[in-house]
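In each ligand, atom 1 is the first atom listed, and ligand 1 is the first ligand listed. Only heavy atoms go into these numbers, but all of them, side chains included; no hydrogens, no water, no symmetry mates.
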Amino acid sequence: MCGIIGAVAERDVVPILLEGLRRLEYRGYDSAGVAVIDDKDCIDRVRTVGKVAELDGALKQHPLAGKTGIAHTRWATHGKPSQSNAHPHICRKSVAIVHNGIIENHELLRKSQTDGGHAFTSETDTEVVVHQIYDYQQQGKGLLDAVRTTVADLEGAYALGVISNHDKARIIAARRGSPLVIGIGIGEHFIASDVAALLPVTQKFIFLEDGDIADITRDSLTIYDERGEIVERPLKISQLSADAMERGSYRHYMLKEIFEQPRAIAETLEGRLSGDTVLEQSFGPGAKDILDSVKGVHIIACGTSYHAGLVAKYWLEAIAGVPCSVEVASEFRYRHPIARRNSLVIAISQSGETADTLAALQEAKKLGFGHTMAICNVPESSMVREADLALMTRAGPEIGVASTKAFTTQLTALMLLVVVLGRRHGMAAQTEIKLVEQLRSLPRRIEEVLTLNDAIEELAEFFANKHNALFLGRGAQYPVAMEGALKLKEISYIHAEAYPAGELKHGPLALVDAEMPVIAVAPNNELLEKLKSNLQEVRARGGELIVFADAQVDMKSDSNVRVMTVAPTEDPIAPIIYTVPLQLLSYYVAVLKGTDVDQPRNLAKSVTVE
Ligand code: G6P
């Protein structure tokens, strides 16, 4: 991951770079740095361990100014978070670079460069890149050619921003496998890992393709493709406003994003429903033929998006009658799966840039699976460009590292897909009518379940000194329990596991005692009685139960059972509704524990490395 930004302008770019870094911080936040070419044509750099706020503080002590600069916020892969490992990396006061990605052949390059007389100052894989560029410059190449020759020597993934004091009003940018966008200003240009970083200065963007190298000055931009030919890449105008990324009066982005879910879901549905049907045209041109050919679905994803896929498996098989398998992308990409030609491969991803999911999608295409679809929240992302079809969630920017509104909008989009596939596989017309009605009711129902906020905040106190928790669900609520456990671990650092409730007696029951809270989701469905029996097994062993239960279910709180009532909900959409109280629970537990809710330790939002 890591976030990179750069600017070449007529004004001092340091404030632009810093604001951009704040907006990129979700990509990594263990150290940060900035380098500019100053008015004496020297490269000046400041780097700090910790968040961008630390860098800001350091810049107050040692101000930098310059019209050409690059900056970086890091998520450590090679070498611990430290000042010397932080980017930008510099070679002999002459070239500076920022890098997102992993250089796989760095050891080999490091050895030959050490033999050639370079003294390394960091443990990073990145440092070899800057020395390589310098060496090519020494052979008489200009900055563009030096970068071009260098990237040909690299194996792995990179988005690079390069500056040199021999060419003081120029940035060279290069991309392979990691995202990079160019922002077009008036008489100025920018680069960044994500449009979000540049929204305060422009809404016009050009997205680099893999293999592209861009030669950027204040008033010129030339893009070369991987064969070295000059290419035109389309200009896109972002619809996002800089304010969409503000936290407003909420204490954390995560809470804001939890409360944005009714609107995010309404927007995901907009223009996709008509009367009591799902509009197939909203899946894009060419969708009909592709959907007609689908005999099965294979979902690949990571993290929270993987859990969305697991819910969809229950829906696709039980409601649409379509076989579905779901796999963690990092496994899929290396296990040599057997291609099924009539399968629709669906990559689910908030960012559309997760390295494992993107590579799995590319691998699926290579292996000869049928068509591909991305369910994604970022229209200009690599996955959207890679897949045959894109079904966009419209959650708006999600900043909190722990995903919330992206998950519920993914489920909403997946339910739309269930309907259009179900139609082709014998699903009753009446089912579509009911599902559409339920989809339309989602924003209102989420508003309802959000009224549990205060009660959940109180309930969280019970967790403050717990070290472990078990989450239980059955059927499509099992992945909801998994998502609940993931949220709790991610932001409160409490060890949490999820089990299908029926599996409890095959091992995890041994863990149950008064110190192990057990959280269960209990909608009113055909599995309810079975779930209740599983919960009795917990009570009988002195476990403390917290149950989110449908109001029509006969469950009451007593000495070691706390029941939180959820308004009655039809079964198919219940996973979307029951997700919300679990998000709130982990949020309030994390707040009580005083963790960094939006940027939990060791994690990053967009994982663009393997
Ligand atoms: C990281 C984030 C998770 C996210 C996962 C997949 O681990 O911290 O919140 O679910 O990546 O990200 P994606 O953008 O592909 O949905």
Side-chain angles (χ1 to χ4, degrees), residues 1-3 24-30 75 77 100 177-179 193-194 196 252-254 257-258 264 299-312 326-333 345-362 373-387 390-411 413-414 479-480 482-493 579 582-583 586-587 590 595-610:
M1 22 264 207
C2 306
L24 287 175
E25 211 170 20
Y26 72 88
R27 300 178 66 86
Y29 34 81
D30 60 46
W75 186 83
T77 57
N100 166 213
S178 300
S193 300
D194 181 347
H252 294 99
Y253 278 108
M254 183 179 176
E257 287 157 6
I258 290 173
I299 296 176
I300 43 182
C302 302
T304 290
S305 299
Y306 168 66
H307 294 157
L310 291 175
V311 174
V326 188
E327 199 168 350
V328 165
S330 54
E331 286 300 309
F332 178 90
R333 64 184 287 195
V345 173
I346 304 180
I348 306 178
S349 174
Q350 188 284 128
S351 61
E353 300 294 349
T354 302
D356 283 321
T357 312
L358 181 59
L361 179 61
Q362 288 160 340
M373 173 187 268
I375 293 186
C376 188
N377 198 37
V378 181
E380 303 85 4
S381 61
S382 304
M383 277 179 229
V384 169
R385 281 180 279 144
E386 188 77 40
L391 180 54
M392 300 312 301
T393 51
R394 301 186 191 128
E398 193 183 62
I399 312 292
V401 165
S403 185
T404 52
K405 61 178 180 170
F407 180 67
T408 48
T409 54
Q410 285 166 352
L411 291 180
L414 283 159
V480 170
M482 293 170 82
E483 177 57 12
L486 177 65
K487 286 289 88 88
L488 193 69
K489 317 186 229 230
E490 280 178 311
I491 58 170
S492 75
Y493 316 147
T579 296
L582 301 187
Q583 295 169 342
S586 52
Y587 171 75
T595 61
D596 190 342
V597 172
D598 285 332
Q599 295 177 339
R601 68 185 181 202
N602 306 340
L603 302 181
K605 183 141 195 79
S606 187
V607 185
T608 53
V609 295
E610 266 199 81

Colleague: Is ligand 1 less than 4.0 angstrom away from at least one heavy atom of L603?
Modeller: no

Colleague: Is any side-chain heavy atom of P179 closer than 4.5 Å to one of R27?
Modeller: yes

Colleague: Counting C-beta onward and ignoring hydrogens, is there a side-chain heavy-atom pair between I375 and I346 closer than 4.5 Å?
Modeller: yes

Colleague: Considering the options Q350, K487, E490, which one meets the side chain to side chain donor-acceptor pair (under 3.5 Å) requirement together with T304?
Modeller: K487

Colleague: So do D194 and Y26 actually touch side chain to side chain, heavy atoms under 4.5 Å?
Modeller: yes

Colleague: When rounded to the nearest 0.5 angstrom, what distance separates CD1 in I348 from CE in M373?
Modeller: 10.5 Å

Colleague: Tell me, which protein residue and heavy-atom name are nearest atom 6 (C) of ligand 1, and how many Å apart are they?
Modeller: C302 O, 3.4 Å

Colleague: So, do M254 and I258 sit near enough that their side-chain heavy atoms are less than 4.5 Å apart?
Modeller: yes

Colleague: Which residue owns the protein heavy atom closest to atom 12 (O) of ligand 1, what's the atom, and how far is it?
Modeller: T354 OG1, 3.3 Å

Colleague: Taking the side chain as every heavy atom from C-beta outward, state whether T354 and M383 have any atom pair closer than 4.5 Å.
Modeller: yes

Colleague: Under 4.0 Å from a heavy atom of T304: which atoms of ligand 1 are those, numbered in the order shown and with their elements?
Modeller: 10 (O)

Colleague: Under a 4.5 Å cut-off applied to non-hydrogen side-chain atoms, are V326 and F332 in contact?
Modeller: no

Colleague: Backbone, side chain, both or neither: what part of A604 comes under 4.0 angstrom of ligand 1, heavy atoms only?
Modeller: backbone

Colleague: Is there at least one pair of N or O atoms, one from T357 and one from ligand 1, spaced under 3.5 Å apart?
Modeller: no

Colleague: Go through ligand 1 atom by atom and flag the ones less than 4.0 Å from a non-hydrogen atom of V401.
Modeller: 8 (O), 9 (O)

Colleague: Should you measure from each heavy atom of S349, which atoms of ligand 1 turn up under 4.0 Å away?
Modeller: 13 (P), 14 (O), 15 (O), 16 (O)

Colleague: Near S305, which atoms of ligand 1 are under 4.0 Å from a heavy atom of that residue?
Modeller: 10 (O), 13 (P), 16 (O)

Colleague: Measuring only between side-chain heavy atoms, which start at C-beta, is E353 closer than 4.5 Å to S193?
Modeller: no

Colleague: In terms of residue, atom name and distance, what is the protein heavy atom nearest to atom 7 (O) of ligand 1?
Modeller: V607 CG2, 3.9 Å

Colleague: Would you say G303 has any N or O atom under 3.5 Å from an N or O of ligand 1, going by distance alone?
Modeller: no

Colleague: Are any of the N or O atoms of M383 closer than 3.5 Å to those of ligand 1?
Modeller: no

Colleague: What atoms of ligand 1 come within less than 4.0 Å of a heavy atom belonging to S403?
Modeller: 9 (O)

Colleague: What protein heavy atom is closest to atom 11 (O) of ligand 1, reported as residue, atom name and distance in Å?
Modeller: K605 O, 3.7 Å

